[in-house]
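Report on the following structure.
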Amino acid sequence: ARMFLRLLSDVRWQAANPKWRGMTCSRRSTSSTAEPHPVSLPAQAQVVICGGGIMGTSVAYHLSKMGWKDIVLLEQGRLAAGTTRFCAGIVSTARHVSIELKMADYSNKLYQQLEQETGVKTGYMKTGSISLAQTQDRLISLKRIASSLNVMGIPCEIITPKQVAQLHPLINIHDLVGAMYVPEDALVSSANVSLALATAASRNGVQIHERTSVSHVSVQKGRVTGVETDRGQIQCQYFVNCAGQWAYELGHSGEEPVNIPLHACEHFYLLTHPLKEPLASSLPTIVDPDGRIYIRNWQGGILSGGFEKNPKPLFTEGRNQLEIQNLQEDWDHFEPLLSALLRRMPDLEALQIMQLVNCPESFTPDMRCIMGESPTVRGYFVLAGMNSAGISYGGGAGKYLAEWMVNGYPSENVWPLDLKRFGTLQSSRTFLRHRVMEVMPLMCDLKVPRWDFQTGRQLRTSPLYDRLDAQGARWMEKHGFERVKYFVPPGKDLLDLDQSKTFYKPDWFDIVGSEVKCCKEAVCVIDMSSFTKFEISSTGDQALESLQYLFSNDLDVPVGHVVHTGMLNEKGGYENDCSIARLSKRSFFMISPTDQQVHCWAWLKNRLPDDSNLTMEDVTWKYTALNLIGPRAVDVLSELSYAPITPEHFPSLFCKEMSVGYANGIRVMSITHTGEPGFMLYIPIEYALHVYNEVMNMGQKYGIRNAGYYALRSLRIEKFFAFWGQDLDAFTTPMECGREFQVKLDKGMQFVGQEALLEQKQNGVYKRFTMFILEDHDTDMDLWPWWGEPIFRNGRYVGKTTSSAYSYTLERHVCLGFVQHFDEKTGEELVVTTDFINQGEYEIDIAGQRFQAKAKLYPFSSLFTHRRRKDEVELSGYQRE
Amino acid sequence: AIPVRSSRLPLLSDAMPAPAHLFPLIRNCEISRICSTVCYCHHKHLCCLSSHFAHGHFRYAPQKKFAALYRPKENFNHFIHARDYASTPQRFYLTPPQVNSILKANEYSFKVPEFDGKNVSSVLGFDSNQLPANAPIEDRRSAATCLQTRGMLLGVFDGHAGCACAQAVSERLFYYIAVSLLPHETLLEIENAVESGRALLPILQWHKHPNDYFSKEASKLYFNSLRTYWQELIDLNSGETTDVKEALINAFKRLDNDISLEAQVGDPNSFLNYLVLRVAFSGATACVAHVDGVDLHIANTGDSRAMLGVQEEDGSWSAVNLSYDHNAQNEHEVERVKMEHPKSEEKSLVKQDRLLGLLMPFRAFGDVKFKWSIELQKRVVESGPDQLNDNEYTKFIPPNYHTPPYLTAEPEVIHHRLRPQDKFLVLATDGLWETMHRQDVARIVGEYLTGVHHQQPIAVGGYKVTLGQMHGLLTERRARISSVFEDQNAATHLIRHAVGNNEFGTVDHERLSKMLSLPEELARMYRDDITIIVVQFNSHVIGACQNDEL
């Protein structure tokens with residue numbers, strides 16, 4: 001404790017000294033500084049945290065609160081002296097992703113009481129924030145956030161420009177169409193928040209060592225065993241990498257590299273002297289995304305920065321090229337932001353400049369932060385890559401990571417932030433450098449549905465890429481893999497990238513409609529090679545036994561059968577949702593969603609017995625997958641293979657190796673992932689082009705055409721098919737989404753999650769996956785649903801949608817989402833029964849506008865077959881003419 | 001002027017069947033293109049040729065306005081300096097794209113092709129452009145590669161009293177230079193080919209903007225004069241290798257002589273007869289560069305200027321003059337004129353900084369009024385066509401005209417051996433040099449070509465700067481950079497600065513817009529025609545050449 005007092009006083013002195021920028025806290029020079037280290041490092045600890053910024057201190061704070069005491073926090077310079085020191089200190093809850101919103105909300109509440117808890121002044125000031133809209137589209141975007149905030153219980157309102165003027169005296173409102181006011185957003189002194197967290201953690205027993213840098217992390221048998229520092233070694237079970245923009249480098253410093261895909265960009269903000277009449281410290285923070293700037297009050301003057309269109313990435317080659325403290329102000333670069341500032345607040349012209357601060361921030365490839373355990377090194381946790389929202393997320397992110405370490409998983413679904421959503425493929429420095437240059441401007445860009453990144457593309461492609469591209473394919477990217485969205489027919493032009501940004505009916509509507517029609521009436525080919533594919537085999541029964549334990553469905557099926565099954569956690573939640581084909585008695589072929597490649601591998605690796613007779617191989621790259629969807633798929637395939645493919649010979653959920661054209665050994669499965677009839681063809685890549693050509697040639701007489709993922713999506717959503725990563729997550733059980741039939745509780749052996757599912761079966765579920773058909777929604781005129789829209793039952797909030805699509809068959813929008821049952825008085829979660837779902841009047845809130853919706857628990861299977869039969873008749877009649 | 005066009009068209013079509021092989025490079029395949037170009041030019045620019053011909057009088061009549069007509073901007077200099085252009089009656093503003101389309105209308109770029117990935121020429125290429133102030137423009141430019149000898153020729157020509165002389169010089173001078181440089185055997189070969197009606201060896205490859213036209217009608221006449229010249233060269237065969245400097249001087253003098261002779265002899269075709277007279281009675285300066293490896297020769301007659309852009313070791317740019325202006329500001333030139341005439345004329349020779357009080361350049365092509373004897377002038381004018389006879393200007397004899405000739409076309413030739421630090425050459429008519437200092441020209445072109453804009457980063461430090469002041473400063477700096485990115489052509493970039501520069505040395509769009517939207521009759525008061533060629537050198541080739549010679 002004595003050491004800490006010294007430390008605290010030091011830091012306080014730093015905070016009070018206006019010349020703190022001149023201080024050098026160079027990692028290299030620390031060992032030679034005159035100041036001796038009063039306390040030597042412990043030889044071992046349970047947890048070593050690297051990084052004394054907001055993230056590191058927050059993780060230490062929360063771990064120690066949860067009862068873990070044996071924690072050492074190492075900081076290479078001084079506490080809170082990196083990005084945390086330089087950041088603008090705005091706590092804003094206006095976030096697009098719901099988990100981010102929850103983190104920010106928690107942070108805000110935490111910071112508010114932190115001063116009282118610790119006695120350290122945090123400078124917390126509840127000023128509120130106003131996000132301005134210069135365009136109608138921006139206002140829609142704000143309204144969507146406002147809907148989310150309101151159902152979370154965070155006060156928030158959409159206000160008129162006039163109200164903006166009343167809230168802030170300096171704003172020019174002439175070009176505004178509206179704004180969003182979040183009255184509880186706050187300002188803090190970020191360094192002091194970090195110090196307060198450190199103080200509290202220290203009181204709970206966390207040891208904090210400044211001027212100690214980690215050189216690498218020792219790993220044995222895939223587990224963290226210790227940390228090597230410039231002041232000696234510490235043995236530990238857990239290591240937490242909170243090194244901010246150095247996290248990538250630190251991750252790569254050990255023998256077993258941990259890929260943490262983030263890259264720093266320079267970030268500039270301006271500090272001014274006070275106004276003649278100093279600004280009130282309670283004045284709300286202004287965010288002007290169309291002008292790419294934020295403005296907060298700062299010591300009677302203002303602090304204003306932003307996210308320019310042409311960011312300057314740095315530290316691509318590592319930290320040694322430049323020290324943070326030596327970064328230059330770049331006024332020419334700041335000019336567009338200064339113009340935006342003076343346009344927004346013209347009266348500031350006469351205000352005197354104090355400083356232009358250059359404060360690097362780290363950005364990630366998908367604009368979301370990185371947290372979680374490394375897929376390759378157990379006990380190696382990461383919390384970094386905050387995309388310039390470190391203060392807003394700090395509290396919540398630290399809490400979730402602490403829960404993860406203590407309980408095995410956080411209390412919320414954090415898959416969108418999970419380190420395992422990335423693999424080695426995202427850790428090229430060139431890729432990161434290019435991608436963050438796109439990501440940083442995106443912070444202020446309009447977030448419209450179906451946005452695709454433009455940089456870092458064409459990394460993983462199917463062998464058919466060029467063929468499909470030549471036929472008008474438009475591409476999106478998932479886990480580095482290029483996938484077709486839809487095919488633009490020859491002679492038809494779509495809008496430019498910028499113009500195609502819309503919250504309304506998109507320009508590809510009719511294109512996808514015709515692809516869907518073809519899937520329903522004839523046959524379509526979709527290249528689905530991106531799916532993750534594993535082969536698990538063994539010499540004896542080890543494979544079957546292990547898989548029976550890890551998967552909820554019964555895998556002891558005859559050879560040649562395909563089983564849809566969940567890979568569940570102890571709570572019965574979906575860690576993965578996959579299809580497994582039994583290739584032989586002792587080998588299985590497993591197909592999972594594209595972004596499961598890293599997560600599923602790590603999950604299985606950690607749970608499969610360490611047995612040399614049991615092998616698991618990632619064969620994703622070995623097979624090209626073609627999905628033949630439609631009633632005519634069977635005709636195409638039988639002509640190509642000369643094998644009987646009638647339902648008697650090839651029933652549904654069946655897998656057979658056969659020849660297609662000249663190519664032998666094609667794995668054909670009678671599944672389509674859409675609920676439509678058809679086949680998946682798993683083709684060894686060298687045959688891919690041949691099989692594709694054969695299928696297209698033979699298919700001509702059946703009206704075959706290419707289709708893309710948008711058609712697939714529409715088909716699966718109207719059939720009420722849930723997809724992992726969108727609808728399903730680690731907090732959803734098969735019971736909650738109507739998939740009891742995929743669970744074999746009585747398969748004669750234990751499996752992961754069995755107890756939880758048994759309990760749910762007895763007691764009922766607390767949320768239920770439901771399909772909503774929008775009733776009074778005008779496809780042409782109204783805003784389209786996306787996902788994350790609040791669902792109201794009898795006027796009360798009951799949950800959020802998870803995905804949505806236009807059903808060309810129903811000619812209605814279909815939203816999928818979860819319905820919960822909150823007690824009207826206590827807010828307590830109650831069991832959701834079928835009656836509860838069926839007896840409600842539902843509305844879906846799209847950007848503040850509510851649309852009536854009909855809830856359904858089962859898909860319209862009969863309607864579709866009926867319609868299809870009718871269509872089939874029409875089609876065959878047409879062909880005869 | 002509209003009826004003029006229709007009256008011109010039949011003439012043009014008459015001229016079309018003219019033999020296509022007169023000039024070696026005008027091959028069959030090019031005829032249609034060139035003819036269409038000619039048509040286009042006549043329409044577009046209302047070439048002096050047609051307007052004078054049809055209207056039957058010169059516009060430059062009244063005697064008292066002489067001086068103003070020769071160099072009218074002198075009288076209006078104070079307008080420019082006071083920047084009083086805002087009072088222009090007609091005020092409408094051009095958008096940046098409109099400004100760009102005006103500035104870029106005449107731009108032309110040529111890149112010397114690379115062979116096997118190696119450019120063996122010391123010239124990388126050139127950018128050229130011109131901006132008219134007169135209507136039609138009186139400046140001309142030419143660029144060509146010598147095909148029978150090595151080297152490249154580039155030149156700018158500033159016409160006065162009409163564009164006829166500048167046009168003729170721009171078409172003919174390079175042939176005279178090329179012929180002067182040819183070895184005896186090649187001359188013989190060419191002569192034999194013409195004699196026996198065989199195809200000629202091409203002498204020059206022209207690099208022309210579509211607006212740079214050649215007169216079809218006079219090509220036979222010009223060809224005959226040129227042929228006479230090379231026949232004389234063949235007869236004179238000295239056996240010595242041709243010296244470039246001498247060749248340049250001979251070519252200049254010979255062409256001026258031919259212009260003078262053609263006007264004295266006349267032509268049975270009345271159109272051509274009138275043309276040669278107008279060529280002789282108007283005038284043109286010429287500034288020509290001949291680049292061959294590391295040898296750069298500049299031949300200059302008049303007040304256009306050649307300037308070398310040199311990059312110093314510290315990366316900064318400096319300018320080296322490669323020509324002397326032939327005007328009253330050049331003491332040596334005044335001295336020369338005085339030496340050539342009796343002392344009694346000393347006072348009348350140069351008045352108001354003009355030759356005989358009339359002409360600003362002290363050397364020029366054409367301008368027979370300053371070269372012929374009074375008798376000759378009178379005889380030619382009287383026997384000439386009515387249009388000439390009716391013209392006050394042609395009939396007017398300069399005052400104190402006692403011992404002609406007062407004017408010569410003989411160029412001053414400067415030889416320069418290119419060094420690796422010599423990055424580019426700017427040839428420009430005085431329209432550029434009177435608005436910009438050569439040091440600025442060197443810097444602007446140098447920064448443009450290297451793509452480096454040496455702007456010191458701004459640091460606030462301890463100074464008291466307001467947001468507004470900083471914003472103004474940054475906008476200024478941004479404009480400076482963005483103007484560079486707008487242009488793909490160094491000459492265009494230079495014109496943009498010449499016309500649009502404000503007191504900060506940055507392009508001010510408002511000023512640019514006003515200057516470019518001046519009505520035709522006012523434009524000449526605020527600016528002169530500007531013609532610029534920027535030649536970029538290949539430092540690697542130059543360095544290698546130097547090493548070889550060492």
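So that the names make sense, note that chain A is the first sequence line, chain B the second, and so on, each numbered from 1. Hydrogens, waters and symmetry mates are skipped; everything else that's a heavy atom, side chains included, is used.
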Check your understanding: Taking only heavy atoms into account, what residues of residues 333-351 of chain A are found under 4.5 Å from chain B?
Key -> A/E335, A/P336, A/L338, A/S339, A/L341, A/L342, A/L348, A/E349, A/A350, A/L351
Review point. Heavy-atom count around B/E312 CD within 6.0 Å, excluding the residue itself: above 12?
Key: yes
Practice item. Mind checking the CE-CG spacing from B/M470 to A/L270? Nearest 0.5 Å is all I need. Key: 8.5 Å
